[in-house]
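Below is one structure, written out as C-alpha cells; comments come after it.
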Amino acid sequence: IMDKSTFNDFKSLLFKLTKNNNDDEDEEENNERNLTEVQQKIQEIILPHHSAMVYVHENPLHRLHYGATVWKCCRWLINEFDQENIGFWKDKTVVELGAGTGLAGISLAHLGAKVMLTDQPVGLRLLQHNVDINIERNRDLRVSVSELEWYTPDLTIYPVPLDYVVSSDCIYNATSHPLLSNVICRLSGPNTLIYIAYQERGVP
C-alpha cells in the first residue's frame, strides 16, 4: 500500500506497450461459449471479519487466462481488506485496474465501497458475469464494470481523485509499467491510497 508520492518513486518508465490488434469480437464469442463450459468452476471466498461471501467464476480457457484466474496474491489482498474495522470501507470510492475476475473489487463492494472494475474489452464479459452473480445475492452492492485501455485511457467517467486505486497481479509484464503508472497517477490525488499486489514467480 502506498500514497501517490510513494508510488511515483515505485513506478518504472522504461518500456512502451504495443497495442495487440487481435480480433476481440471473435474472442468475445469464444469467451461466452467457454464460460458456459466452465460454469462449475466457481470460487467461493469468505470474508470472515465482515461475514461476507464473494463468488467468482474463473475461465481457464480464456485467451487471457492469467486475467481469468484467481491468483494467491489477490486472496492475500482481500484478506488485508477484510482486516479493517466494520464500516471502514463504507462509501469509499475505488477503481480496480486490470480487474480480471473482479475478486478484489467485488470484495470491496461487499465491504461497503463504491467500486468500478476495469479491464480490456476482451475481459469484460467474464467480469460482468461475476458482478451479476454477486448482485443476485446482494442487491445493495455498488459495483460496475467499465472498459479501460491503459494506452488510450478515457478517465472522464471516474470520480477523480479516488479514495483507493487497486491492482492485483498486473505488473508481471514490464512493458506495461509506464502505462499503468500513468493511469494510476491520473486517477489519484494527494490522499489517494494505492494497493498493488504481486506474486513473485520464478524465484528459487
Side-chain angles (χ1 to χ4, degrees), residues 1-7 43-57 67-68 70-71 73-121 123-150 153-170 179-197:
I1 181 173
M2 61 195 88
D3 58 20
K4 186 175 182 180
S5 176
T6 306
F7 174 76
Q43 298 282 342
E44 299 180 354
I45 297 95
I46 300 174
L47 304 175
H49 184 59
H50 287 77
S51 301
M53 178 76 80
V54 185
Y55 303 86
V56 294
H57 280 121
V70 173
W71 300 101
C73 66
C74 189
R75 290 179 176 272
W76 174 87
L77 184 60
I78 64 174
N79 180 67
E80 291 296 305
F81 296 156
D82 188 43
Q83 299 308 308
E84 298 290 356
N85 293 331
I86 303 296
F88 174 86
W89 294 104
K90 182 176 174 57
D91 296 331
K92 297 293 195 300
T93 56
V94 180
V95 164
E96 182 180 3
L97 300 173
T101 64
L103 175 57
I106 294 171
S107 297
L108 285 172
H110 277 280
L111 302 183
K114 296 183 288 187
V115 181
M116 297 186 75
L117 307 174
T118 69
D119 213 321
Q120 304 173 61
L124 296 184
R125 192 183 299 275
L126 176 63
L127 193 53
Q128 185 63 60
H129 171 77
N130 284 334
V131 167
D132 291 343
I133 63 176
N134 281 272
I135 289 179
E136 287 173 3
R137 294 165 170 81
N138 184 349
R139 296 289 181 179
D140 294 329
L141 295 184
R142 294 173 293 175
V143 54
S144 60
V145 173
S146 175
E147 174 186 333
L148 181 57
E149 294 277 18
W150 297 350
D154 179 3
L155 306 180
T156 57
I157 66 171
Y158 303 100
V160 177
L162 297 156
D163 294 319
Y164 292 88
V165 177
V166 174
S167 178
S168 178
D169 227 326
C170 287
L179 303 177
L180 177 61
S181 299
N182 174 59
V183 172
I184 290 176
C185 287
R186 290 176 60 186
L187 290 171
S188 304
N191 298 317
T192 301
L193 290 181
I194 302 153
Y195 279 89
I196 296 179

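Quick note: residue numbers are just sequence positions, from 1.
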Straight-line distance of Asp119 CG to Leu148 CG, nearest 0.5 Å: 9.0 Å
Let me confirm one number: the CG-CG distance from Leu103 to Leu108, rounded to the nearest 0.5 Å. 9.5 Å
If you look at every heavy atom in Ala109 and Val143, which pair is closest and at what distance? CB-CB, 3.9 Å
How about Ile78 and Val54: do any of their side-chain heavy atoms sit closer than 4.5 Å? no
Say you draw a straight line from CZ of Arg142 to OG1 of Thr93; how long is it, rounded to the nearest 0.5 Å? 10.5 Å
Would you compute the distance between atom CD of Glu96 and atom CE of Met116 and round it to the nearest 0.5 angstrom? 12.5 Å
Could you state the interatomic distance from OH (Tyr55) to CG (Asn134), rounded to the nearest 0.5 Å? 8.0 Å
Return the minimal non-hydrogen interatomic distance between Gly98 and Trp150, and the atom names on each side. N-CZ2, 4.0 Å
Smallest separation among heavy atoms of Val165 and Ser188, with atom names: CG2-OG, 3.9 Å
So does Glu80 get a backbone contact from the side chain of Glu84, meaning a donor-acceptor N/O pair under 3.5 Å? no
Does one side chain, of Thr118 or Tyr158, offer a donor that lies under 3.5 Å from an acceptor on the other? no
So does Leu155 have more than 12 non-hydrogen atoms from other groups sitting under 6.0 Å from CG? yes
So which atom in Val70 and which in Gln43 form the shortest heavy-atom distance, rounded to 0.1 Å? CG2-CG, 4.1 Å
Can you check whether Thr101's main-chain N or O pairs, donor with acceptor, with Asn130's side chain at less than 3.5 Å? yes
Smallest separation among heavy atoms of Val160 and Arg186, with atom names: CG1-O, 3.4 Å
Of all heavy-atom pairs between Pro153 and Asn182, which one has the smallest distance, and what is that distance? CG-ND2, 4.1 Å
Side-chain heavy-atom pair Lys92, Leu162 within 4.5 angstrom cut-off: no
Just so I know, are the side chains of Asp169 and Cys74 near enough to count as touching, which here means a heavy-atom distance under 4.5 Å? no
Tell me, do Val115 and Ile106 make a side-chain contact under 4.5 Å, heavy atoms counted? no
Rounded to the nearest 0.5 Å, the OG atom of Ser144 sits from the CD1 atom of Ile157 at a distance of 7.0 Å
His50-Asp82 side chain donor-acceptor pair, cut-off 3.5 Å: yes
Over 60° means perpendicular and under 30° means parallel, so classify the ring planes of Phe81 and Tyr195, tilted if in between. perpendicular
From the options Thr192, Ile194, Val95, select the one residue that forms a side chain to side chain contact (heavy atoms under 4.5 Å, CB included) with Leu187. Val95
